[in-house]
Amino acid sequence: MGFSDFEHFSLTQTMTHFCHTRNCSTPCNVSHIQFRIEEYSLFITQAALAIDSAQPQYWEDFVKITFDKESKLWFLQWLDEHGVWQDYYPLFKSPEVKRLLEEVTRDPQGLFW
């Protein structure tokens with residue numbers, strides 16, 4: 001199970017815009033971000049590019065935003081140095097995914113970028 005077709009389409013539009021905006025402001029030879037949707041979670045992934053190649057050396061998840069159907073809230077997590085998802089504070093949950101994406105963009109704690 002997962003999001004309805006309409007919810008999936010809406011999230012894809014939102015995430016495509018988010019990634020496009022972020023990728024436009026970052027040199028293409030440094031990194032590139034993309035997203036994927038799995039069940040009720042959004043993952044934002046960053047590619048590390050080789051200096052002499054446009055091909056990514058590896059892809060790494062660094063943001064996870066999960067929707068809880070019961071509470072109708074989105075929860076933001078970041079991946080620590082041990083590969084464990086940690087709740088992001090001070091803004092851990094929100095009724096709107098866009099608010100959490102704004103927090104990821106701002107990154108006041110320096111955990112994402």
Side-chain angles (χ1 to χ4, degrees):
M1 196 71 182
F3 296 111
S4 70
D5 289 344
F6 176 76
E7 292 167 329
H8 195 278
F9 176 77
S10 179
L11 284 173
T12 299
Q13 295 292 80
T14 299
M15 294 305 297
T16 298
H17 176 66
F18 174 80
C19 290
H20 174 74
T21 301
R22 181 66 191 182
N23 288 332
C24 285
S25 64
T26 305
C28 63
N29 62 344
V30 175
S31 70
H32 179 80
I33 65 166
Q34 64 183 30
F35 72 95
R36 73 179 187 284
I37 301 171
E38 292 181 6
E39 292 289 318
Y40 288 100
S41 294
L42 305 171
F43 292 89
I44 301 175
T45 304
Q46 185 170 17
L49 304 176
I51 293 173
D52 59 348
S53 173
Q55 300 300 315
Q57 288 182 309
Y58 65 90
W59 292 94
E60 180 177 60
D61 293 334
F62 67 101
V63 175
K64 180 180 178 184
I65 303 174
T66 304
F67 183 70
D68 179 64
K69 288 176 24 175
E70 275 188 35
S71 65
K72 305 267 193 260
L73 293 173
W74 292 92
F75 293 86
L76 176 60
Q77 296 180 306
W78 62 280
L79 194 63
D80 72 12
E81 65 274 4
H82 302 291
V84 177
W85 289 108
Q86 300 291 329
D87 297 339
Y88 178 84
Y89 291 102
L91 182 62
F92 170 54
K93 58 187 172 182
S94 173
E96 297 180 13
V97 71
K98 288 182 181 181
R99 175 66 186 104
L100 297 177
L101 291 173
E102 289 169 2
E103 187 72 7
V104 169
T105 299
R106 285 185 340 102
D107 193 17
Q109 308 256 349
L111 296 172
F112 303 118
W113 315 112

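Along the sequence shown, residues carry numbers from 1.
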Residues in side chain to side chain contact (heavy atoms under 4.5 Å, CB included) contact with Leu79, at least two apart in sequence or another chain: Trp85
Residue pairs involving residues 103-113 (criterion salt bridge (Lys or Arg N to Asp or Glu O under 4.0 Å); sequence neighbours excluded): Arg99-Glu103, Glu103-Arg106
Residues in side chain to side chain donor-acceptor pair (under 3.5 Å) contact with Asp5, at least two apart in sequence or another chain: none
Enclosure of Lys93 NZ (heavy-atom neighbours >12, cutoff 6.0 Å): no
Spacing of CD belonging to Gln77 relative to CG belonging to Leu100, to within rounding of 0.5 Å: 11.0 Å
Residues forming a ring-ring contact (aromatic ring centres under 6.0 Å, His included) with Phe35, sequence neighbours excluded: none
Distance (rounded to the nearest 0.5 Å) between Gln109 CD and Leu91 CG: 10.5 Å
Side chain to side chain donor-acceptor pair (under 3.5 Å) partners for Thr66, two or more places apart: Ser41
Under 4.5 Å side-chain linkage, directly or through intermediates, the cluster mates of Leu73: Phe75, Tyr89, Phe92
Sequence-distant partners of Trp78, ring-ring contact (aromatic ring centres under 6.0 Å, His included), two or more places apart: none
Donor-acceptor pairs under 3.5 angstrom involving side-chain atoms of residues 6-13: please list them, not counting sequence neighbours.
residue: Glu7; atom: OE1; partner: Ser4; partner atom: N; Å: 2.8
residue: Glu7; atom: OE1; partner: Ser4; partner atom: OG; Å: 3.2
residue: Thr12; atom: OG1; partner: His8; partner atom: O; Å: 2.8

Residues Ile44, Leu101; criterion side chain to side chain contact (heavy atoms under 4.5 Å, CB included); working and verdict: CA-CA 10 Å; Ile44 301 175; Leu101 291 173; 4.0 Å; yes
Of all pairs that satisfy salt bridge (Lys or Arg N to Asp or Glu O under 4.0 Å), the ones with a partner from residues 70-86, not counting sequence neighbours: none
